[in-house]
Amino acid sequence: MELQTLTYIVVGLTFALYIGIAIWARAGSTKEFYVAGGGVHPVANGMATAADWMSAASFISMAGLIAFYGYGGSVFLMGWTGGFVLLALLLAPYLRKFGKFTVPEFIGDRYYSRTARIVAVICLIVASVTYVIGQMKGIGVAFSRFLEVSYDLGLLIGMVIVFFYAVLGGMKGITYTQIAQYCVLILAYTIPAIFISLNLTGNPVPQLGLGSTLAGSDTYLLDRLDQVVTELGWHEYSTQARLSLTNMFAYTMSLMIGTAGLPHVIIRFFTVPKVADARTSAGWALVFIAILYTTAPAVAGMARLNLIDTIYPESGGNLAYEERPSWFRNWEKTGLLQFDDKNGDGLIQYTANAETNEMVKVDNDIMVLANPEIARLPNWVIALVAAGGLAAALSTAAGLLLAISSAISHDLLKGVFMPSISEKQELLASRLAMALAVIAAGYLGFNPPDFAAGTVALAFGLAASSIFPALMMGIFSTRVTREGAIAGMMAGLSVTLLYVFQHKGVMFVASTAFLGDLQPNWFLGIEPNAFGVVGAVLNFAVALTVSRFTAMPPADVREMVESIRVPARTI
Amino acid sequence: MKNNNAYWRANIRLMVKLLIVWFLVSFGCGILLVDLLNHVQIGGYKLGFWFAQQGSIYVFVVLIFVYAKKMARLDRDFGVEE
């Protein structure tokens, strides 16, 4: 069957499934809307968390990043998984015991302050909105590449689908669609990887294939990869560090604490019945995430090798541009691959040397998107990858939108401005807030602001430097005061923003960067994306110092902290 | 109350132990000691590279389940389960 038709069928079927779930899982109360009624099985919640967490960036971009950074790409692998250990040990069980609906609600209650709650809402909204723009773009791009509809129409279809199940079902609808979306995305990711591993090494398990010998030879795949990339002038794949050791350390740590502090992930743990379930559920979430994250390095290494082998075929010599395979032609149309015959010989040169390299653009995303075509897999696998990319983007977008809308309806409206509204009114307000959030996110997807490119890094920076320390100190210290927490959050937030803006430009407008984005100007050689950890350290330091000089938190707050530390309902 | 304090201290002790492992496999084996470990080869993987791209993730999963299991026992022993 034609690829185009097949893709329409596969994507259409998955969308029909999501809509079916939405109709079945309507929310009838605020508890269902915010936390799916609090009765989600820990394994089911783990699966939903995995889909919530793995965005278009994990699905489409990460393997490409690793393919080009080699060992340096490990910061993403360790950072985006290690954060779940912190979440499971330091935050999730206690926040579950607290037993309310949102992250700012905990900060407001623990720090007995409406100001702290509002500061937390602002951090949450900034972090989540920047993140959601990336997902909206992912939806538009996936549609336009695979279904050949325009970016705008693709985005609109995506919005309608999210609107439907998020507004109707709230957390309940989102949870069950995320479970379905996880199944789609993990199949779409692993099936091509299994085939490619089988082709290259004869081992069907990609995690083992990456460490195996190439089929019909005694050479290890990784050794061969190291050899071909160094011959073409790049650094050895398996030892290529990302800038410096300090930078790799800081980057990994920033991603870990940022992961643990992202509100849309944290609120997923409010949906399980018990504290003990929150702990196991975090483990299950990481199992489901690890299936993709341990496959990604194999996809990365194998795709890089396949790409180089295509351009430099075994028969010797370089590939002639006129003889390039059809996937090459297809992806050239999208602009993700670009060739410039600099020496005019009609052959393709692909090297690390910018002067002679003729593959002037090889986009990271190509490594996953074109992977099935490069490996000559059947059309239905390509159609599945399209559905998988859309599932990853939709599931994360929905989780983020719920975090945003519940912060607006529960924290701002019910918590601060109109505390007297009834539950029914609040449910209506939360649906309205969700509808507005979907429309706002769609608007930003249609008109991506200049700063959209750098924003996911900003989301992690904000979560790491403001939300994570405030939550952790709120649980592990009874002494941290309202004044300390607010000062700490502001300090962490401002130093991270300042550092990012001074190197990347105010709101990412490059011309306003008052210190160039150059390594010699970086503090300890730490790149701006990796700065969250410095903000977090400052947050801890400021909060603990200020708390020392301000009055103890009131007795009822200290009692609340004691009670969230113990699973039992009564002390 | 006294019971709760002992429970909390036991929890912290367990947590610290697991976080030391968490740090060692990722920041230790995956970053700080990577060059040293890369002299060892398992299959086609250099050991340091393996920790950074595979091993640390497997250990993370195990750590969370160990924590959940040991905490469930602590909850029972101290009579504080939900």
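The sequence lines fix the lettering, A, B, ..., with proteins before strands; numbering per chain opens at 1.
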Measuring heavy-atom distances to chain B, does A/Phe84 have an atom under 4.5 Å in its side chain, in its backbone, in both, or in neither?
both
Part of A/Asp277 within contact of chain B (heavy atom distance under 4.5 Å):
neither
Counting only non-hydrogen atoms closer than 4.5 Å, does A/Leu221 touch chain B with its backbone (N, CA, C, O), its side chain (CB onward), both, or neither?
neither
Counting heavy-atom pairs under 4.5 Å with chain B, which one of A/Leu210, A/Asp223, A/Thr213 comes out on top?
A/Leu210
Is a side-chain donor or acceptor of A/Thr201 paired with a backbone partner of A/Leu198 at a separation under 3.5 angstrom?
no
Sole candidate of B/Val21, B/Leu18, B/Val61, B/Ile64 that passes side chain to side chain contact (heavy atoms under 4.5 Å, CB included) when paired with A/Val85:
B/Ile64
For A/Ile289, which atoms come within 4.5 Å of any heavy atom of chain B: side chain, backbone, both, or neither?
neither
Looking at B/Ile42, B/Val62, B/Leu32, which makes the most heavy-atom pairs under 4.5 Å with chain A?
B/Leu32
Top residue by heavy-atom pair count (under 4.5 Å) with chain A, among B/Ile57, B/Val34, B/Leu63, B/Asn38?
B/Ile57
Under 4.5 Å to a heavy atom of chain B? For A/Leu87 that would be neither
Hey, do the aromatic rings of A/Trp234 and A/Phe68 have their centres closer than 6.0 Å?
no
Heavy-atom nearest pair, A/Ala536 first then A/Ile257, reads CB-CD1, 3.7 Å
Side chain / backbone / both / neither for B/Leu14 at chain A, heavy atoms under 4.5 Å
neither
Salt bridge (charged side-chain N to carboxylate O under 4.0 Å, His left out) assessment of B/Asp35 paired with B/Lys46
CA-CA 9 Å; B/Asp35 291 332; B/Lys46 294 189 176 89; over 6 Å; no
Checking B/Gln53 against chain A: side chain, backbone, both or neither under 4.5 Å from a heavy atom?
both
Which value, rounded to the nearest 0.5 Å, describes the distance between A/Thr259 atom OG1 and A/Trp53 atom CH2?
3.5 Å
With side-chain hydrogen bond (donor to acceptor under 3.5 Å, both in side chains) as the test, would you mind laying out the steps for A/Asp226 and A/Ser238 before giving the verdict?
CA-CA 7 Å; A/Asp226 279 345; A/Ser238 62; 2.8 Å; yes
Measuring heavy-atom distances to chain B, does A/Met256 have an atom under 4.5 Å in its side chain, in its backbone, in both, or in neither?
side chain
Top of A/Val75, A/Leu222, A/Thr280 for chain B proximity - count of heavy-atom pairs under 4.5 angstrom:
A/Leu222
Honestly, the part of B/Ser56 sitting under 4.5 Å from a heavy atom of chain A is side chain
Part of B/Val59 lying under 4.5 Å from any heavy atom of chain A:
neither
State whether A/Glu527 and A/Arg242 are salt-bridged, where the test is any N-O pair (Lys NZ or Arg NE/NH1/NH2 against Asp/Glu carboxylate O) under 4.0 Å.
yes
Please name the pair of heavy atoms, one in A/Thr294 and one in B/Tyr58, separated by the smallest distance, quoted to 0.1 Å.
CG2-CE2, 3.6 Å
Answer key: most heavy-atom pairs under 4.5 Å with chain A among B/Gly48, B/Ala68, B/Gly43 is B/Gly43
Think A/Arg304 forms a cation-pi with A/Tyr237, using NZ or CZ under 6.0 Å from the six-ring centre and within 45 degrees of its axis?
no
B/Tyr45 versus chain A, heavy atoms under 4.5 Å apart: side chain, backbone, both or neither?
both
Please look at B/Ala72 and chain A and tell me whether the side chain, the backbone, both or neither of the residue comes under 4.5 angstrom of a heavy atom of that chain.
backbone
Paired with B/Glu82, the salt bridge (charged side-chain N to carboxylate O under 4.0 Å, His left out) test is passed by just one of A/Lys97, A/Arg569, A/Arg279, namely A/Arg569
Hey, which of B/Phe78, B/Phe51, B/Tyr67 has the most heavy atom pairs under 4.5 Å with chain A?
B/Tyr67
